[in-house]
Amino acid sequence: MKRFVALFVGTLLTLLLASHATAQEPGQAPGKAEAKKKIAGDRLSGRIQMINKDTSTITLARGTVKRTVLYSPNTKITYQNKPSTIDEVKEGRRVIVLGKFDEKAQLQATRIEIRE
């Protein structure tokens with residue numbers, strides 16, 4: 001019986017210490033997943049439905065959801081993993097866009113990857 005109690009108390013202490021070690025207090029550094037998201041920024045993917053070079057906007061469609069992406073001359077564009085230009089961004093092509101969302105829920109693109 002003493003063995004059982006000692007084993008139970010030991011297990012309980014181990015679980016208590018393990019949960020305390022993994023608990024995160026407010027204000028501490030973010031976890032790995034949060035840190036990765038902060039580094040990568042926001043992301044959208046889908047097919048290009050429309051591109052307007054006058055307003056520097058791209059409309060992406062993924063299913064029935066449509067999102068607006070804003071690009072600038074500083075936006076890095078790659079096509080088949082090679083540097084490219086906005087001329088390769090064409091309707092119907094699949095893209096992955098990285099950047100930050102603004103207050104209008106539009107993605108300010110820092111990078112556009114064109115996929116085939």
Side-chain angles (χ1 to χ4, degrees):
M1 181 71 174
K2 288 182 182 180
R3 248 186 205 174
F4 176 72
V5 171
L7 181 62
F8 178 75
V9 170
T11 304
L12 185 62
L13 283 174
T14 302
L15 290 174
L16 182 64
L17 289 173
S19 67
H20 181 67
T22 59
Q24 190 175 46
E25 304 250 345
Q28 285 186 339
K32 288 182 182 179
E34 292 175 16
K36 187 174 181 181
K37 184 176 180 181
K38 284 185 179 181
I39 292 171
D42 297 315
R43 172 187 164 133
L44 285 177
S45 64
R47 294 214 177 262
I48 298 172
Q49 182 178 19
M50 184 178 69
I51 182 165
N52 187 338
K53 292 183 181 179
D54 295 331
T55 60
S56 299
T57 59
I58 299 169
T59 302
L60 287 184
R62 185 168 185 175
T64 59
V65 178
K66 296 178 185 173
R67 300 298 295 262
T68 301
V69 173
L70 302 170
Y71 65 91
S72 70
N74 296 332
T75 303
K76 294 181 182 178
I77 300 171
T78 58
Y79 178 58
Q80 296 179 346
N81 297 323
K82 296 177 185 167
S84 188
T85 64
I86 196 66
D87 294 328
E88 288 296 330
V89 179
K90 299 176 183 174
E91 291 179 9
R93 288 197 167 158
R94 193 171 70 86
V95 294
I96 298 171
V97 183
L98 302 175
K100 289 281 185 191
F101 283 107
D102 63 12
E103 63 279 348
K104 296 179 182 178
Q106 297 176 329
L107 187 67
Q108 301 280 340
T110 55
R111 183 171 179 177
I112 300 173
E113 298 177 17
I114 305 167
R115 305 291 177 153
E116 283 291 336

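Start at 1 with the first residue, then count along the sequence.
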Taking the side chain as every heavy atom from C-beta outward, state whether [X] and [Y] have any atom pair closer than 4.5 Å.
| X | Y | answer |
| --- | --- | --- |
| Val97 | Leu60 | yes |
| Leu70 | Asp102 | yes |
| Thr68 | Leu107 | no |
| Ile96 | Arg43 | yes |
| Thr75 | Ile112 | yes |
| Thr85 | Ile77 | no |

**Report entry** Exam field: side chain Asn52 to backbone Thr57, donor-acceptor pair closer than 3.5 Å
**Finding:** no
Report task. With sequence neighbours left out, write down each residue that passes side-chain hydrogen bond (donor to acceptor under 3.5 Å, both in side chains) with Asp87, or none if nothing qualifies. Result -> Lys53
**Report entry** With Glu88 via side-chain hydrogen bond (donor to acceptor under 3.5 Å, both in side chains) - residues at least two apart
**Finding:** Arg93
Query raised in the report: Does atom CZ of Arg62 have more than 12 heavy-atom neighbours from other groups under 6.0 Å away?
Result: no
**Report entry** salt bridge (charged side-chain N to carboxylate O under 4.0 Å, His left out): pairs with one or both residues in residues 64-78, sequence neighbours excluded
**Finding:** none
**Report entry** ILVMFWY cluster, Val69 and Phe101 together (side-chain gap under 4.5 Å)
**Finding:** yes
Query - For Gly41 against Lys100, the heavy-atom pair lying closest together - result: CA-NZ, 4.0 Å
Let me confirm one number: the [atom1]-[atom2] distance from [X] to [Y], rounded to the nearest 0.5 Å.
| X | Y | atom1 | atom2 | value |
| --- | --- | --- | --- | --- |
| Ile58 | Glu91 | CD1 | CD | 11.0 Å |
| Lys90 | Arg47 | NZ | CZ | 14.5 Å |
| Ile114 | Ser84 | CD1 | OG | 5.0 Å |
| Gln108 | Asn74 | CD | CG | 11.5 Å |
| Leu98 | Thr110 | CG | OG1 | 5.5 Å |

